[in-house]
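Order of the sequence lines fixes the chain letters, A, B, ..., with proteins taken first and strands second; residue numbering starts at 1 for each chain.
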Protein chains: 2
Amino acid sequence: MDHNEQLKLENQLCFSVYACSREITKMYRPYLDQLGLTYPQYLVLLVLWEHHETTVKALGAELYLDSGTLTPLLKRMEEAGLVKRERSKEDERRVMVHLTSEGEELREKASIIPDAMAANSGLSKEEFKKALTGFQQLLDHIHSVNEK
Amino acid sequence: MDHNEQLKLENQLCFSVYACSREITKMYRPYLDQLGLTYPQYLVLLVLWEHHETTVKALGAELYLDSGTLTPLLKRMEEAGLVKRERSKEDERRVMVHLTSEGEELREKASIIPDAMAANSGLSKEEFKKALTGFQQLLDHIHSVNEK
DNA sequence: GAATATTAGGTTGTGCACAATTTAATTTTA
DNA sequence: TAAAATTAAATTGTGCACAACCTAATATTC
């Protein structure tokens, strides 16, 4: 493989990830539309369904998003009645985010989504696992490079 | 692997792709900033450096983007003096997009980018190839599912 | 060749993403 | 403990993404 070919490959890989990400979001859309959610909002709920309460900071660390993205997103979710935001009493710099009962209830309705997605992806369980392992390694590596 | 575990895996894979895409864009940013480009603009240039001239429609098909995204993006690139947009004389529905000499010249300056990216990714050539193959398959599959 | 359908782009409105800056609260240090 | 540094969110501004809709040009059908 010559140098030029290598460069093309690299461009293609980055592009594939970029395009794939958008296509995945598009795949979720019809299901999330029924729940009145966007994909990033769904990710926030996935975190909250596990932890029930968290901070903006912790959410950002989990989802790799900063307050510039999360603050307006969480405000929209609060407006929709899914979460509640309030300053921590112990440390007033922090904003605690927790589910409302409505946000909690959405968990049931959303439970069909992962099955539908897995079916649409066309991957077997084994392929899933392999893809995930490779991906998380790449993600961790790039993230650490970006942090520097 | 039980059902619940499978669902978590699926969520993690989609999230990894989503987060990875943003981290890759972030990795490009310092290099692209020097050229006054964004990542989607760089992708447009990659296409034009190959073909020299294309249509909005064809660009959209290559990059999986629609006119709602491309029209304002191309206008900004035109404003920056990188491309020229003009209606086709043969079929006035089409808008031809071609490089200016300035856009052509940027190719030289951009040539260091792929090397830097490949080094940052931490992948060997073999890993690159394997990742790319898996990815394009996934992309094609999901894209075809979404088209239906 | 007039009516209909299709196609290519553009426009509008909403929601991320993120850099850069600001504000306020808490910690650290002199 | 007062000053300096750090931290957590919020704000502002730019640029995608994309759905829904609109307009104009071309193709098709009758």
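Dashed line: the shortest gap from a side-chain N or O of Arg22(B) to OP1 or OP2 of dC18(C) is under 4.0 Å. Taking only side-chain nitrogens and oxygens, Arg29(B) comes nearer than 4.0 Å to OP1 or OP2 of dA19(C). Between Lys75(B) and the phosphate of dT11(C), there is a side-chain N or O to OP1/OP2 separation shorter than 4.0 Å.
A donor-acceptor contact shorter than 3.5 Å is absent between the side chain of Ser88(B) and the backbone of Val95(B). For the pair Arg94(B) (side chain) and Thr55(B) (backbone), a donor-acceptor distance under 3.5 Å is absent. The closest donor-acceptor contact from the side chain of Thr100(A) to the backbone of Gly103(A) lies under 3.5 Å. Between the side chain of Ser21(B) and the main chain of Val17(B), no donor-acceptor pair closer than 3.5 Å is present.
Side chain of Leu65(B), nearest nucleotide from dC18(D), dA8(D), dG10(C): dC18(D). With dA17(D), dC18(C), dG9(C) as the candidates, the nucleotide lying closest to the side chain of Tyr18(A) is dA17(D). Of the candidates dC16(C), dC16(D), dG9(C), the closest approach to any side-chain atom of Pro40(B) belongs to dC16(D). Checking dA25(C), dG10(C), dC16(C) against the side-chain heavy atoms of Arg76(A) singles out dC16(C) as nearest. Considering only side-chain atoms of Lys57(A), the nucleotide from dA17(D), dA9(D), dG10(C) that sits closest is dA9(D). Side chain of Thr69(B), nearest nucleotide from dA25(C), dC18(D), dA8(C): dC18(D). The Asp91(A) side chain lies nearest to dT26(C) when the options are dA19(C), dT26(C), dA17(D). Listed nucleotides: dG10(C), dA19(C), dC18(D). Nearest to the side chain of Val95(B): dG10(C). Proximity note for Lys26(B) (side chain, C-beta onward) versus dG10(C), dC16(C), dA19(C): the nearest is dA19(C). Nearest to the side-chain atoms of Thr71(A) among the listed nucleotides dC18(D), dA10(D), dC16(D) stands dA10(D).
In this structure, Leu43(A) places its CG atom 9 Å from P of dA17(C), rounding to the nearest Å. Atom-to-atom, CE of Met77(B) to P of dC16(D) comes out at 9 Å; the value is rounded to the nearest Å. Atom pair Glu62(B):CD and dA8(C):P shows a separation of 15 Å (rounding to whole Å applied). Atom CZ in Arg94(B) sits about 18 Å away from atom C1' in dT23(D), given to the nearest Å. The CG-C1' distance, from Leu32(A) to dC16(C), rounds to 14 Å in whole Å. We find that CG of Leu35(B) is positioned 17 Å from C1' of dG15(D), with the value rounded to whole Å. Taking atom CG of Leu82(A) as the reference point, atom P of dG15(C) lies 13 Å away to the nearest angstrom. One atom, CG of Asp33(A), and another, C1' of dA20(D), lie 12 Å apart when rounded to the nearest Å.
You won't find any donor-acceptor pair under 3.5 Å spanning the side chain of Thr38(B) and the base of dG15(D), going by distance alone. A donor-acceptor contact under 3.5 Å is not formed by the side chain of Ser67(A) with the base of dA8(D).
The residue Glu23(B) sits apart from the nucleic acid: no heavy atom pair falls under 4.0 Å. At a threshold of 4.0 angstrom between heavy atoms, the contacts of Thr55(B) are confined to the sugar-phosphate backbone, with no base atom among them.
Annotation: of the two residues near DNA chain D, Arg93(B) and Tyr39(B), the 5′-most nearest-nucleotide partner is Tyr39(B). Sequence order on DNA chain D of the closest nucleotides to Arg87(A) and Leu73(B) puts Arg87(A) first from the 5' end. Closest-nucleotide positions on DNA chain C for Glu92(A) and Pro72(A) were compared, and the one nearer the 5' end corresponds to Pro72(A).
Ring geometry, His143(A) versus Tyr64(A): the interplanar angle falls from 30° to 60°, so the pair is classed tilted. Ring geometry for Tyr28(A) against Tyr42(A) counts as tilted: the plane angle lies between 30° and 60°, on a 0 to 90° scale.
Each of Arg85(B), His51(B), Glu86(B) was scored for a side-chain hydrogen bond (donor to acceptor under 3.5 Å, both in side chains) with His98(B), with one residue passing: Glu86(B).
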